[in-house]
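Remarks on the structure that follows.
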Amino acid sequence: WAGSYQGKENNPSIVLEGISDYHIFWHASCGYAGTLNNKTIFDLSPFQECLLDGSSEEKELSSGVVPFSIAGEEFNKMFILNDGINMNLLRFVKGINTPLTRIETKFMMWQEAAWKDIERAFDNLKIMWKYVSCPIKISSLNDVASRISTALILCNVIVSIHVMDDMNMRYNPENSVDDFGNFQMATLPQTTPEVEIVVEHTIPQSVCDVVAVSGRWESLADEEEHSCLCSALMQKINN
């Protein structure tokens with residue numbers, strides 16, 4: 001099986017997909033073959049699944065991180081900084097390959113610098129746990145995933161204690177990031193919908209799920225809102 005995991009490093013490798021801010025990991029999944037690229041990993045990732053089944057939106061709403069405003073624009077979905085390999089989705093904010101203006105150049109420098117947080121978080125993980133940085137000599141992916149998960153959980157606990165002095169406190173990145181963490185939370189009025197949509201029991205649940213997933217994918221691929229988000233970020237950074 002080693003051949004299918006042999007990527008650009010010429011040695012068998014296992015990919016750890018992660019999402020983090022300046023301090024802790026928010027999402028991680030392990031076990032992908034080193035021959036896969038970012039797009040293929042995203043198609044297999046539980047992160048894509050949580051975006052399409054609605055669980056990510058529920059968690060964001062329940063935690064109070066949305067809605068938020070940037071440069072006077074309100075947004076209802078959190079975004080993630082990544083490289084230029086991934087798709088142009090609303091949740092992903094990529095850099096500009098060929099910036100033409102001073103504003104685009106400044107945005108590219110900010111995006112690349114902030115995107116390095118994931119590398120910093122992974123370096124901290126390797127420093128804390130030598131198992132992550134040393135060659136893995138066991139062949140069971142389940143054992144590897146269990147050990148990596150344990151390392152990630154303990155890493156977050158240790159960082160939480162150092163950042164907040166209390167691992168039981170609710171983590172808020174706005175309290176610990178000074179360079180770009182001052183988003184203002186927007187308060188939306190509570191209104192009663194004029195039209196109530198009722199789903200008949202005669203419609204199979206599988207059909208409802210397909211329609212819901214299709215609608216979430218269309219929302220995820222909304223180019224207009226993605227462009228609005230990038231424009232608001234550029235305005236915020238250049239002010």
Side-chain angles (χ1 to χ4, degrees), residues 1-22 24-57 59 77-98 108 111-156 209-210 213-214 216-223 226 230:
W1 56 267
S4 62
Y5 282 78
Q6 185 167 327
K8 60 182 180 180
E9 304 298 335
N10 296 323
N11 292 312
S13 59
I14 299 173
V15 177
L16 170 64
E17 178 196 48
I19 299 173
S20 76
D21 62 7
Y22 192 71
I24 68 173
F25 285 91
W26 292 89
H27 158 80
S29 56
C30 178
Y32 309 102
T35 52
L36 302 179
N37 58 30
N38 287 15
K39 291 182 179 180
T40 309
I41 292 174
F42 178 67
D43 289 338
L44 301 173
S45 170
F47 177 60
Q48 184 193 74
E49 182 179 350
C50 74
L51 291 178
L52 296 179
D53 65 14
S55 59
S56 63
E57 296 182 10
K59 291 178 181 178
K77 295 180 176 65
M78 299 297 291
F79 64 89
I80 299 167
L81 303 177
N82 62 4
D83 59 14
I85 301 177
N86 287 286
M87 302 170 62
N88 289 322
L89 299 178
L90 175 60
R91 296 277 186 166
F92 297 156
V93 175
K94 301 187 293 187
I96 302 174
N97 293 331
T98 308
M108 181 193 67
Q111 195 275 349
E112 291 181 349
W115 180 62
K116 295 297 182 180
D117 284 351
I118 183 64
E119 296 184 7
R120 175 184 180 276
F122 187 61
D123 286 341
N124 287 338
L125 182 68
K126 291 193 294 184
I127 292 173
M128 290 182 183
W129 311 105
K130 296 301 182 183
Y131 174 79
V132 182
S133 59
C134 296
I136 298 175
K137 297 182 179 180
I138 58 178
S139 59
S140 172
L141 284 179
N142 290 330
D143 290 343
V144 173
S146 297
R147 297 187 185 193
I148 294 294
S149 298
T150 302
L152 287 166
I153 293 171
L154 292 176
C155 178
N156 280 357
D209 293 340
V210 170
V213 169
S214 177
R216 293 190 186 101
W217 183 259
E218 290 181 2
S219 176
L220 193 63
D222 189 336
E223 295 182 0
H226 183 265
C230 292

Practice problem: Flag the pair L89 / H226 as yes when at least one side-chain heavy-atom distance between them is below 4.5 Å, and no otherwise. | Solution: no
Quiz item: OH/Y32 to CD1/I14 distance, rounded to the nearest 0.5 angstrom?
Solution: 12.5 Å
Quiz prompt | Rounded distance (nearest 0.5 Å) linking atom CD of E112 with atom CG of L81 | solution = 11.0 Å
Quiz item: Just by distance, with hydrogens left out, do D53 and S55 show a side-chain donor and acceptor under 3.5 Å apart?
Solution: yes
Quiz item: Which value, rounded to the nearest 0.5 Å, describes the distance between N156 atom CG and W26 atom CH2?
Solution: 9.0 Å
Quiz item: Under the side chain to side chain contact (heavy atoms under 4.5 Å, CB included) criterion, do Y131 and T150 qualify, and how do the steps go?
Solution: CA-CA 11 Å; Y131 174 79; T150 302; over 6 Å; no
Quiz item: In a check of side-chain contact (heavy atoms from CB on, under 4.5 Å) between R120 and each of N124, I118, D123, which one passes?
Solution: N124
Self-check item: Nearest non-hydrogen partners of M108 and I96, listed with the distance
Solution: SD-O, 3.3 Å
Quiz item: Under the ring-ring contact (aromatic ring centres under 6.0 Å, His included) test, which residues partner F92, sequence neighbours left out?
Solution: F42
Quiz item: Can you list the steps and then say if L16 with L125 is a side chain to side chain contact (heavy atoms under 4.5 Å, CB included)?
Solution: CA-CA 12 Å; L16 170 64; L125 182 68; 4.3 Å; yes
Quiz item: How would you list all residue pairs meeting salt bridge (Lys or Arg N to Asp or Glu O under 4.0 Å) that involve residues 24-40, not counting sequence neighbours?
Solution: none
Practice problem: Look at the side chain of Q111 and the backbone N and O of V93, then say whether any donor-acceptor pair between them is shorter than 3.5 Å. | Solution: yes
Quiz item: Within the distance-only criterion (no hydrogens, no angle test), does the side chain of E223 pair as donor or acceptor with the backbone N or O of L90 below 3.5 angstrom?
Solution: no
Self-check item: Beyond-backbone contact of F47 with S29, side-chain heavy atoms, under 4.5 angstrom
Solution: no
Quiz item: Could you give the distance from CD (E49) to CG (L44), rounded to the nearest 0.5 Å?
Solution: 11.5 Å
Practice problem: Answer yes or no: is there a side-chain heavy-atom contact under 4.5 Å between K59 and C50? | Solution: no
Quiz item: Can you tell if the side chain of F122 reaches within under 4.5 Å of the side chain of V132, non-hydrogen atoms only?
Solution: yes
Practice problem: Could you tell me which non-hydrogen atom of C30 sits nearest to which non-hydrogen atom of I148, and how far apart they are? | Solution: SG-CG1, 4.2 Å
Quiz item: Backbone N or O of S20 within a donor-acceptor pair of the D117 side chain at under 3.5 Å?
Solution: no
Quiz item: Under a 4.5 Å cut-off applied to non-hydrogen side-chain atoms, are W217 and L51 in contact?
Solution: no
Quiz item: What pair of heavy atoms forms the shortest contact from C155 to M128, and how long is it?
Solution: SG-SD, 3.7 Å
Quiz item: Say you draw a straight line from CD of Q48 to OG of S56; how long is it, rounded to the nearest 0.5 Å?
Solution: 11.0 Å
Practice problem: Report the C-alpha distance between L36 and V15 in whole Å, list the side-chain angles of each, state the deciding distance to 0.1 Å, and finish with yes or no for side chain to side chain contact (heavy atoms under 4.5 Å, CB included). | Solution: CA-CA 8 Å; L36 302 179; V15 177; 5.8 Å; no
Quiz item: Can you tell me if N37 and T40 form a side-chain donor-acceptor pair at under 3.5 Å?
Solution: yes
Self-check item: NE2 on H27 to OG on S45, rounded to 0.5 Å
Solution: 4.0 Å
